[in-house]
Amino acid sequence: MRLVLLGPPGAGKGTQAQRLATEFDVPHISTGDTFRANALAETPLGRKAKEYMSRGALVPDEIVVEMVLDRLQKSDTEKGFILDGFPRTRPQAEALDSLLVSDGHRLDAVVDLVIDDELVVRRLVGRRSCPGCGALYHLSWGPPLLEGKCDNCGATLVKRDDDDKPTVRRRLEIYHSDTEVLEAYYATTGQLVKVAGDAPEVEVTRRALEALRAHLG
Ligand code: AP5
């Protein structure tokens with residue numbers, strides 16, 4: 001299964017990507033997570049990406065494309081992958097298509113999680129994540145059992161630098177100006193599958209799987 005998860009920040013791409021990766025037994029590849037891991041390790045890629053991420057801007061296409069195309073050459077992607085946060089611009093989408101075509105493949109679907117801007121702000125301001133195992137929590141809708149600690153591994157939960165309200169607004173602006181065009185791009189290729197993301201996680205997964213079954217026949 002070769003899937004892309006599209007949608008604004010906070011739509012639930014990371015949450016649903018983890019669930020769908022388990023369902024289809026393929027790797028979950030998140031460009032945001034890869035940049036954050038590099039930033040934490042203070043690699044040259046991480047230092048460069050941080051300059052853009054901390055102000056809610058997109059990392060330049062050439063940096064992201066090289067990183068993702070490299071990742072997709074790894075043998076664990078032979079059966080497929082779930083791409084979360086890539087592509088985010090038309091040049092990124094075209095680079096992905098070219099790579100897949102050169103390997104004799106194409107995307108099975110692009111799942112577009114639809115959610116309105118105000119819900120995005122509420123979700124992101126309350127998000128907490130685990131730096132140890134990547135688990136996601138929400139202070140109101142999915143808090144950890146013990147305040148501030150991951151249920152799975154006990155690590156101290158963190159709030160992302162780019163989850164303050166002004167930066168979330170900026171990320172939303174960039175989504176509408178640079179990324180939303182991909183809905184039309186993938187609608188033209190017949191790969192777009194829209195899924196309403198404004199429901200509990202389990203229900204969104206159910207909707208996504210039902211929509212994928214209908215799309216793939
Ligand atoms: P990235 O990490 O990809 O961030 P994003 O796209 O802004 O998306 P988020 O991770 O914020 O949200 P999400 O949709 O994954 O939602 P989540 O599941 O966490 O990218 C960060 C930055 O990296 C970018 O701004 C850019 O600078 C750079 N970057 C990355 N890729 C790039 C690219 N291709 N090109 C250029 N630059 C790039 O859920 C959010 C919250 O809601 C959580 O608390 C969760 O628990 C909760 N939640 C989720 N689903 C539900 C639900 N159904 N009901 C209730 N709560 C829910």
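For ligands, and for the atoms within them, numbers begin at 1 and follow the listed sequence. Along the sequence shown, the residues carry numbers beginning at 1. Scope of the values below: all heavy atoms of this structure, side chains included, with no hydrogens, waters or symmetry mates.
Looking at atom 44 (O) of ligand 1, its nearest protein heavy atom turns out to be Tyr137 O, 2.9 Å. Of the protein's heavy atoms, Arg127 NH1, 3.3 Å lies nearest to atom 9 (P) of ligand 1. Of the protein's non-hydrogen atoms, the one nearest atom 53 (N) of ligand 1 is Ala199 O, 2.6 Å. The closest protein non-hydrogen atom to atom 16 (O) of ligand 1 is Gly12 N, 3.2 Å. The nearest heavy-atom contact from the protein to atom 23 (O) of ligand 1 is Met53 CE, 3.4 Å. Closest protein heavy atom to atom 49 (C) of ligand 1: Thr15 OG1, 3.3 Å. Looking at atom 6 (O) of ligand 1, its nearest protein heavy atom turns out to be Arg88 NH2, 2.4 Å. When hydrogens are left out, the protein atom nearest atom 41 (C) of ligand 1 is Arg123 O, 3.9 Å; that is the closest non-hydrogen contact.
Look at Gly7 and you'll find every heavy atom at least 4.0 Å from all atoms of ligand 1. Contact analysis leaves Glu203 out of contact with ligand 1, as no non-hydrogen atom separation drops below 4.0 angstrom. Note on ligand 1: Pro8 sits in its first shell, one or more heavy atoms being nearer than 4.0 Å. Put simply, no part of Gly142 is less than 4.0 Å from ligand 1, judged by heavy atoms. Within the structure, ligand 1 lacks Gln16 among the residues with a heavy atom less than 4.0 angstrom away.
Atoms of ligand 1 found under 4.0 Å from any heavy atom of Val64, numbered from 1 in the order shown, are 33 (C), 34 (N), 35 (N), 36 (C). Interface atoms of ligand 1 facing Trp141, defined by a heavy-atom separation under 4.0 Å, are 55 (C), 56 (N). With ligand atoms numbered from 1 in the order given, ligand 1 contributes 11 (O), 40 (C) to contacts under 4.0 Å with heavy atoms of Leu124. Of all atoms in ligand 1, listed by their number and element, those nearer than 4.0 Å to a heavy atom of Arg36 are 2 (O), 21 (C). In summary, the atoms of ligand 1 found under 4.0 Å from a heavy atom of Glu201, numbered by their order in the structure, are 50 (N), 51 (C), 52 (C), 53 (N).
Backbone and side-chain nitrogen or oxygen atoms of Asp163 are examined, and none is located within less than 3.5 angstrom of a nitrogen or oxygen of ligand 1. Residue contacts with ligand 1: Leu58 is placed with no nitrogen or oxygen under 3.5 Å of a nitrogen or oxygen of the ligand (distance criterion only). Among the atoms of Gly85, some N or O lies under 3.5 angstrom from an N or O of ligand 1. Taking any N or O of Asp162, backbone or side chain, none lies under 3.5 Å from an N or O belonging to ligand 1. When only interatomic distances are considered, the shortest N/O to N/O separation between Tyr52 and ligand 1 does not fall below 3.5 Å. Annotation: Arg160 places an N or O atom under 3.5 Å from an N or O atom of ligand 1; distance criterion only. For ligand 1, the polar-atom distance check against Gly14 finds a nitrogen or oxygen pair separated by under 3.5 Å. The shortest N or O to N or O distance between Gln92 and ligand 1 is under 3.5 Å. At under 3.5 Å, not a single nitrogen or oxygen of Phe86, backbone or side chain, sits near a nitrogen or oxygen of ligand 1. Residue Ala11 places at least one N or O, backbone or side chain, under 3.5 Å from an N or O of ligand 1.
The CG atom of Asp161 sits 9.0 Å away from the OG1 atom of Thr167 when rounded to the nearest 0.5 Å. Distance check: Arg2 CZ to Arg106 CZ gives 12.0 Å after rounding to the nearest 0.5 Å. Distance CG/Leu20 to OG1/Thr205: 6.0 Å, rounded to 0.5 Å.
Ion pair Glu173/Arg169 not flagged as a salt bridge, since none of the NZ, NE, NH1 or NH2 atoms sits closer than 4.0 Å to an Asp/Glu carboxylate oxygen. Salt-bridge formation is not detected for the pair Lys13/Asp84: no Lys NZ or Arg NE/NH1/NH2 atom is positioned less than 4.0 Å from an Asp or Glu carboxylate oxygen. Between Asp178 and Arg88 no salt bridge is recorded (no basic side-chain N to carboxylate O distance below 4.0 Å). Salt-bridge check for Asp116 with Arg122: failed, with every basic side-chain N at 4.0 Å or more from each acidic carboxylate O.
Across every non-hydrogen atom of Ala95 and Val65, the tightest pair is CB-CG1, 3.7 Å. Closest non-hydrogen pair, Leu124 versus Gly10, comes out as CD2-CA, 3.4 Å. Closest non-hydrogen pair, Tyr185 versus Ala93, comes out as CE2-CB, 3.7 Å. Summarising the geometry of Ala11 relative to Arg123, their closest heavy-atom pair is O-NH1, 3.0 Å, with the distance given to 0.1 Å.
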Val4 vs Asp112, test: side-chain contact (heavy atoms from CB on, under 4.5 Å). Steps then yes/no.
CA-CA 8 Å; Val4 161; Asp112 185 20; over 6 Å; no
side-chain contact (heavy atoms from CB on, under 4.5 Å) between Lys48 and Asn38, worked out
CA-CA 10 Å; Lys48 190 88 205 148; Asn38 274 274; over 6 Å; no
Please determine whether salt bridge (Lys or Arg N to Asp or Glu O under 4.0 Å) holds for the pair Asp162 and Arg160, giving the CA-CA distance in whole Å, both sets of side-chain angles, and the decisive distance to 0.1 Å.
CA-CA 5 Å; Asp162 57 349; Arg160 270 170 47 174; 3.0 Å; yes
Applying side-chain hydrogen bond (donor to acceptor under 3.5 Å, both in side chains), run through Asp117 and His176 and close with a yes or a no.
CA-CA 10 Å; Asp117 286 7; His176 291 304; 3.0 Å; yes
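Within the 4.0 Å heavy-atom criterion, the part of Ala57 lying near ligand 1 is the backbone and not the side chain. Residue contacts with ligand 1, taken as heavy atom pairs separated by less than 4.0 Å, do not involve Ser129 at all. Neither the backbone nor the side chain of Pro87 has any atom closer than 4.0 Å to an atom of ligand 1 (non-hydrogen atoms only).
Under a 3.5 Å cut-off, the side chain of Arg90 and the backbone N or O of Leu182 do not form any donor-acceptor pair.
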